[in-house]
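The figures here come from the full heavy-atom set of this structure, side chains too, leaving out hydrogens, waters and symmetry mates. In the text below, chain A, chain B and the rest are named by the order of the sequence lines, each starting its count at 1. Note that the structure is a prediction, hence the values are computed from the model and not measured.
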Amino acid sequence: MVSWVFYMNQDQFVNIAETKTNFIRKTISNGVATPSLGLNQLFKGSYLDISILIASLIAVVLYIILNKTTFGYELKACGYNRNASKYAGMNEKRNIILSMAIAGGLAACGAALWALNGSQDFKWNTYQELPSVGFNGIPAALLASNNPIGVIFSAIFLRYIDAGGSYLPGATAFNEYVSSLIIAVIIYFAGFSKFIKEFLNRKKKKEPVSPLLNGKAPVIPAQNKADGKDGATK
Amino acid sequence: MIFLLQKTLIFAIPLLIVALAGMFAERSGIINIALDGIMIFGAFSGAMTAFYLRQIPYFVDHNQLLFVICLLIAAIFGALFSLLLSFSAINLKADQTIGGTALNLLAPAVTLLITKVLFNKDKLEMETATATDGSRKDFGYALLNGDLNPVGQVFFDKAYISTFIAIFMFILLSFLIYKTKTGLRLRSCGEHPQAAASVGINVNRMRYLGTTISGALAGFGGYAYVATVANGTAEGTVAGMGFLALAIMIFGNWKPVGIALGSLLFGFLKCLAVTYNKSLIKPLESTEWMKSLLANNETFNHIYTAIFKNMYFYNLIPFVTVLIVLAFTSKKSRAPKAEGIPYDKGAR
């Protein structure tokens, strides 16, 4: 759970950065905007700037931290089983607090990249509701199945659908909510991936077994049954 | 003060019902993070029913009946919508958080899509009804009686029917989960489903029951929220009430009485944020002691104006209170052991 939270917010960060870079219309320009390095000339009419590079870089760094260092391993272990990691000698409380702190830092990073693009109004009007942009980070993380590298692509993918949706009412007979419907359905079915994986595995296992046995039922050695040990495991 | 308590009751009822919904799902072992989505969907289906039934003159004259019908429809559609979650979480053993998040995204999308297609609007409003004889009636008010004693005024003046139904449901469901066979079985499925299965309880059926009750209650709460707190406007959001309700459920330690106290406390503080000027500042400033303090002490006056007359300070209080209480009571909090874990017959 902890590492899930960790990934999730990290995602949010990348997601927000993607959003900003491609599709938001410019509303203010102050002197502190993120440098664009000419990336907005690459895609005409967009407000792309280096935050997409920063976001991707952070995602790669986090991938390395999580998968190639002891610290990352500890974080993941605490996420899978808190008690087991405690018995293995890890400081599980420190890990949980650190993961939340990193998640908070990343979320704030995302917000900074989002707000400093120079094309985005920053308003303090959300004290009654949660801003939906932050919440959209969760599906991006889920779709990437908690892989920091995957998050880069899932965030771009989701924002692509979302941004495309805003052009729908002008160009077609559909309205803009169709795109959120599509995203929701994608996320819903992404949840079935475990079931589908199991289903496919079950099929795979059956195939190599049948030619060896010539279609007969497998013969279980008698002694396995007789030694009475299978009752003890329960 | 009476006004404040009336508002508290109105605000606390959706929270109470939805937190109870969360409790039913989690006690049966399913994390229902989709409460927010189910609320939106229930609210929308209730508002649609109100919109279409209003076109029949009979229902225009019988507001209260219409209100109850809408509540029922909202509950039914909420239950149906929650089946999506239970199907993915129970039959397909999907991650319950993913399923719930998907439903949270799905509900506003579906409701806004249908609203846009049918009415070409972004929100669906249930106007206050005008009866056929021309008299205006507020939708869902149970009584409009000014000359009661103060306690009576709090409960019966300008109260919505949903309040009484919700209180009745609360008592009924608390009884169900603690004093009946079904309730015991439901709770056991949330604590240790394998042990429950070993004594012949159908875990999947119990979990379906838990989430379906949860969905019905969340739909009910969503409609109650939209019809009372949000002045009858269904616009594809319930202002994060579903997530608030989840927090209240944890606050109440997964127990009905705790949930009731938590939602009343939260509702009270939340309504204080709206009425603080009338109910708190004015009585305080009218006292002689306060007047002299304000006149003589410059620093105190500054701090007083900056903080205690600040709207955002009062908006902050409910959330900070819940946070502090959770921080101090989290040691004692006892979540159902098996919540969030898909039921696997083979696991020990």
If you count heavy-atom pairs under 4.5 Å with chain A, which of B:N91, B:L244, B:L106 comes out on top?
B:L106

Please check if the number of heavy atoms outside A:F192 that lie under 6.0 Å from its CZ is greater than 12.
yes

A:G191 and B:A94: which non-hydrogen atoms are nearest, and at how many Å?
O-CB, 3.0 Å

Look at the side chain of A:Y188 and the backbone N and O of B:L84, then say whether any donor-acceptor pair between them is shorter than 3.5 Å.
yes

Pick whichever of B:V110, B:V117, B:L316, B:L92 has the most heavy-atom pairs under 4.5 Å with chain A.
B:L92

Counting heavy atoms not belonging to B:K116, are there more than 12 under 6.0 Å from its NZ?
yes

Separation between CD1 of B:I114 and OH of A:Y177, rounded to the nearest 0.5 Å:
13.0 Å

Heavy-atom count around B:F77 CZ within 6.0 Å, excluding the residue itself: above 12?
no

From the list B:L105, B:L85, B:L103, B:N104, the residue making the most non-hydrogen contacts under 4.5 Å with chain A is B:L105

Counting only heavy atoms not in B:F119 (residues, nucleotides, ligands), do more than 12 fall under 6.0 Å from its CZ?
yes

